[in-house]
Every structure is written in C-alpha cells, then in structure tokens.
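In this text the structure is predicted, and so the values were computed from the model without any measurement. Residue numbers begin at 1 in each chain, while the letters A, B, ... track the order of the sequences.
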Amino acid sequence: MIPLIEKEVVNNKWIEKEEIVDIVAISQSIPGAVAVNMSLFVGYKIAKKKGAIVAVLGCIIPSFIIVLSIAILLSNFQEELVVQHAFTGILSSVVALIIISAIKIAKIAVVDLITLLITVVTVVLLLLTTIHPVLLIISGALTGLLIYYIYPKKIRNLLQKDGEK
Amino acid sequence: MNLQLLVNLFFTFAKIALFNFGGGFVMISLIGREIIESVWLTQGEFNNIIAVSQMTPGAVAINTATYVGYKISGFYGAIVATLAIPIPSFLIVIFISPILVKYKEHPLNKMIFYGIRAVVVGLIINAAIIVANTPFYAKNSFQIIKFFNLRLPSFLNSLNMGSIAIFLTSLFLLLKFKLNPILVIMISAVLGIIIFNLNV
C-alpha cells in the first residue's frame, strides 16, 4: 500500500519526491497504521487539518465498506464446514506471514545482545504472565533510555553505525 | 444501541492505536489481550477476524477495528471502532511529529525506539503463537494422534499435520518464489478446503 501512496502523491505533484521519503520514515516510527499516518501527513501538508481529515477518510472508507460487507455476509456462512476448512487453511498461512514479518523487523531491531534479551523477555512475559502489552512497550522505551545512561559509549558506536547506513 | 459499550469500544481502540508500533501484526497481540479481558469475542470469532483482515485490501488495523466493532456492537460499533484508530494518529501528526522531526537525530529519541523496536519483535512473535494456536490444534482427521499411536507429549500428539503442511507450503511460496501474500492466502484457503475435506 505504501508504494501506491508514494506513486499517487508524486504523480499529482502534491509533494516533492525527497519529502515523501521523510514522510514514509516518520509514518513508520509513530504509532498507528502506516497508511493512515501517511494519508494524515500528506493531507496536512496540502490543506492543514481539513486536508488531513479528508485524506484519512478517503483512506478508511473503502476498507470500512468492504470489511463490513464481508462481516455481514460471513455471519450467515461461518458455520459451514467448507468455510471453516478454508479459514483453518488461511490461518495456517497467516502464521507464515507473521513469522516473515517478525524476521524482517528483527533484522533492523535486534542489533545486539541487549535488544535480543529485550525480545526474549517480551515473549516469555507474554506467554507466562498476564502483563499488558502496552506496559511492555513503555518498559521497552524506558529500557532504551536507561541503557543510554549506563553505557554512553555503546550508544555512540550504535549511532555511528546508524550514520554509516 | 448501548452507549456505554460504544464509549468503551472507542477508548479501547484509541488505546490500541496509540501503542500500535510496528504494523498490523502487533495489533493482534494488543487486541488479543483486550478481548480476552473483556470477553467480547470468542477465540473462533477472533480468528475469523484475523483471517478476513489479512485478505481484504487496506490497512490491517482499520480492517480489524471495523470487523471487531461490528461483531461487538453492530453497525455503530463498526463506525466507532474504525474512527478510534486514526484519531490518536491525527493528534500525533499535528502536535507531536513537528517535535519528532526536529529531534530526529537526538540520541534519546533513537534510544527510545531502540527499546521499543525490540519489544515490537517480541509482540509479533507472540502474535504468531496466538494465531497458530487454532489451526495447529484443529480437531480433525489430520491430528498426529489419529495416525500413530506414539507416546509423544500431548502438545505434540494433538498437532494437526494438515495445518502444518499448509503453513510450510506458504512459508516456501513466500520466501522462495516471493509470491504476493494475498495470492498465498487464497492458495491456502483452497488447500484447506481440499485437505480438510478428505476423510482419511
């Protein structure tokens, strides 16, 4: 979906090519769906708050109509065996999709022993306790800050590596 | 229409959106917990929602919110849950992102994401485990226990080989042939219908 947005925005000459790279980067780093964030940024750039509202509505209304139609249709058929078998198949392949996505993000995120430890601890806590995931995200942010104060030298190396990329 | 339920739905999804770093799959981990706690949906309904959200075009977070909202509180539920997703992003884009852009290179900013990204990987792995639970343990003729009479631990013995075969096929098609995920999902639906209809 992201390449599609980039193409439309550049073709319409709404935003310069260089600027769209920044918009993609920040849309991925702030919370929320990337496509939604991008539509907000582009809309805001062109026509401030009104632009952002219009762009985001354009982004969500088609999905809303499609998903709502499927949800209404499916509530009549979900007891059918064929539907259940198809769904078992689909869920099996969704597991593969999720694992591939985890590997992709891990390549960027798990850069040293500490980040590996954070990842492992997160999984273990989620499996064994009822801790809320939001609490884990906040702890992750705090751990990052803590490490900054414990190992200032390590951070300099890390940031240097970032600069080389 | 239950007003209190709608308000509750709105704030639940706004909270999920506010902490949804790292894409749609993280949402499965976030949402799974909310739903278990609130007893809004059964595991089966939740699984259907995950499957449909992956298949339909558009942002997974929006698709999931629409479907969950509809299941919990009908048409108005769908509207409220869907609108709750972009509102936190809207506020962040307008008020916080100018600050973020300004301090993009600041070490503290980088360190916050250094920690968050590592947690996000854990949340995605957890999502894989949550989703795998249902198909991998589906009760039909492909459970290992029905084929062999082995003394395996029960969590291995009740695994469903049909689902695992489809999982491995998908992994292969995605990694080796770089097939489009939607196409792989369609293939796996057909495989599911064929395999699980066999009465071995």
Problem set entry | Co-membership, hydrophobic cluster, residues A:Val67 and B:Ile79, 4.5 Å side-chain | yes

Seminar exercise, completed: Answer key: most heavy-atom pairs under 4.5 Å with chain B among A:Ser39, A:Ala86, A:Ala102, A:Ala106 is A:Ala86

Exercise. Which of the residues B:Ser188, B:Gly22, B:Gly69, B:Ala51 is involved in the greatest number of heavy-atom pairs with chain A at under 4.5 angstrom?
Worked result: B:Ser188

For this session: Return the minimal non-hydrogen interatomic distance between A:His85 and B:Asn197, and the atom names on each side.
Result: ND1-OD1, 3.0 Å

Problem set entry | Best-contacting candidate, A:Gln28, A:Lys104, A:Lys49, against chain B by heavy atom pairs under 4.5 angstrom | A:Lys49

Problem set entry | Max heavy-atom pair count under 4.5 Å with chain B, selected residue of A:Ile66, A:Val56, A:Leu68, A:Leu4 | A:Leu68

Exercise. Quick one: does A:Thr119's side chain get under 4.5 Å of B:Val119's, heavy atoms only?
Worked result: no

Exercise. At a heavy-atom separation under 4.5 Å, does B:Thr56 approach chain A through its side chain, its backbone, both, or neither?
Worked result: side chain

For this session: Rounded to the nearest 0.5 Å, what's the gap from CG on B:Asn20 to CD1 on A:Ile30? Could you check?
Result: 11.5 Å

For this session: Give a yes or no on whether the backbone of A:Phe64 and the side-chain of B:Thr66 come within a donor-acceptor separation of less than 3.5 Å.
Result: no

For this session: Following the transitive rule for hydrophobic clusters with a side-chain heavy-atom cut-off under 4.5 Å over Ile, Leu, Val, Met, Phe, Trp and Tyr, establish whether A:Val83 and A:Leu81 coincide in one cluster.
Result: no

Exercise. In the single-linkage hydrophobic clustering (I, L, V, M, F, W, Y; side-chain heavy atoms under 4.5 Å), do B:Met186 and A:Val82 co-cluster?
Worked result: no

Problem set entry | Partner chain A: residue of B:Ala138, B:Ser97, B:Ala61 with the largest heavy-atom pair count (under 4.5 Å) | B:Ser97

For this session: Name the member of A:Ser29, A:Ser101, A:Ala96, A:Pro31 that forms the most heavy-atom pairs with chain B at distances under 4.5 Å.
Result: A:Pro31

For this session: Go through the atoms of B:Pro57 and report whether side chain, backbone, both or neither lie under 4.5 Å from a heavy atom of chain A.
Result: both

For this session: With a 4.5 angstrom heavy-atom cut-off, could you sort out which part of B:Tyr67 is near chain A: side chain, backbone, both or neither?
Result: both

Problem set entry | Cluster overlap A:Leu57 with A:Val9, hydrophobic side-chain contacts below 4.5 Å | yes

Exercise. Side chain, backbone, both or neither: which part of B:Tyr70 has an atom under 4.5 Å from a heavy atom of chain A?
Worked result: side chain

Problem set entry | Segment of B:Leu123 engaging chain A (4.5 angstrom heavy-atom cut-off) | both

Problem set entry | Note, A:Leu97 side chain near B:Phe25 side chain (heavy atom, < 4.5 Å) | yes

For this session: Flag the pair B:Gln54 / A:Ile90 as yes when at least one side-chain heavy-atom distance between them is below 4.5 Å, and no otherwise.
Result: no

For this session: Can you measure from OG (B:Ser89) to CE (A:Met38) and round to the nearest 0.5 angstrom?
Result: 13.5 Å

Exercise. At a heavy-atom separation under 4.5 Å, does B:Ala17 approach chain A through its side chain, its backbone, both, or neither?
Worked result: backbone

Seminar exercise, completed: Under 4.5 Å to a heavy atom of chain A? For B:Met55 that would be side chain

For this session: Kindly compute the distance separating CG (A:Leu74) from CD (B:Glu45), expressed to the nearest 0.5 Å.
Result: 10.5 Å

Problem set entry | Qualifying residue, where the test is side-chain contact (heavy atoms from CB on, under 4.5 Å) with A:Ser93 and the options are B:Ser170, B:Pro135, B:Ser163 | B:Ser170

Exercise. With chain B, which of A:Val110, A:Thr130, A:Ile147 has the greatest number of heavy-atom pairs at distances under 4.5 Å?
Worked result: A:Thr130

For this session: Could you tell me which of A:Leu91, A:Val123, A:Ile114 has the largest number of non-hydrogen atom pairs under 4.5 Å with chain B?
Result: A:Leu91

Exercise. Where do B:Val121 and A:Ala109 come nearest, in terms of heavy atoms and distance?
Worked result: CG2-CB, 3.7 Å

For this session: Give the minimum heavy-atom separation between B:Lys71 and A:Ser75, together with the two atoms involved.
Result: NZ-CB, 4.2 Å

For this session: Would you mind checking which part of B:Ile129 comes under 4.5 Å of any heavy atom in chain A, side chain (CB onward), backbone (N, CA, C, O), both or neither?
Result: side chain

Exercise. Any side-chain heavy-atom pair from B:Lys110 and A:Tyr148 closer than 4.5 angstrom?
Worked result: no

Problem set entry | Close side-chain approach of B:Asn126 to A:Thr122, heavy-atom, < 4.5 Å | no

Exercise. In terms of heavy-atom proximity below 4.5 Å to chain A, should B:Ile62 be classed as side chain, backbone, both, or neither?
Worked result: side chain

Exercise. Does CD in A:Glu16 sit with more than 12 non-hydrogen atoms of other residues, nucleotides or ligands closer than 6.0 Å?
Worked result: no

Exercise. So do A:Asp112 and B:Tyr114 actually touch side chain to side chain, heavy atoms under 4.5 Å?
Worked result: yes

Seminar exercise, completed: Assert top hit (heavy-atom pairs under 4.5 Å, partner chain A, pool B:Ile96, B:Leu108, B:Ile92) equals B:Leu108

Seminar exercise, completed: Ranked by heavy-atom pairs below 4.5 Å to chain A, first place among B:Ala118, B:Ala132, B:Gly122 goes to B:Ala118

Exercise. B:Phe21, B:Tyr103: one ILVMFWY side-chain cluster at the under-4.5 Å cut-off?
Worked result: no

Exercise. Does the side chain of B:Arg117 reach to within under 4.5 Å of the side chain of A:Thr115, using non-hydrogen atoms?
Worked result: no

Exercise. Going through the checks in order, is the side chain to side chain contact (heavy atoms under 4.5 Å, CB included) test met by B:Val52 and A:Phe87?
Worked result: CA-CA 9 Å; B:Val52 170; A:Phe87 271 57; 4.0 Å; yes

Seminar exercise, completed: Note: vs chain A, highest number of non-hydrogen pairs under 4.5 angstrom among B:Ile124, B:Val60, B:Val26 is B:Ile124

Exercise. Counting only heavy atoms not in A:Leu113, do more than 12 sit closer than 6.0 Å to its CG atom?
Worked result: no

Problem set entry | Region of B:Ile28 that comes under 4.5 Å of a non-hydrogen atom in chain A | side chain

Exercise. When you look at OH of B:Tyr137, are more than 12 heavy atoms from neighbouring residues, nucleotides or ligands closer to it than 6.0 Å?
Worked result: yes

For this session: May I ask you to test the A:Ile60-B:Leu83 pair for a side-chain heavy-atom distance under 4.5 Å?
Result: yes

Problem set entry | Greatest number of heavy atom pairs closer than 4.5 Å to chain A - which of B:Leu100, B:Ile185, B:Ile50, B:Val190 | B:Ile185

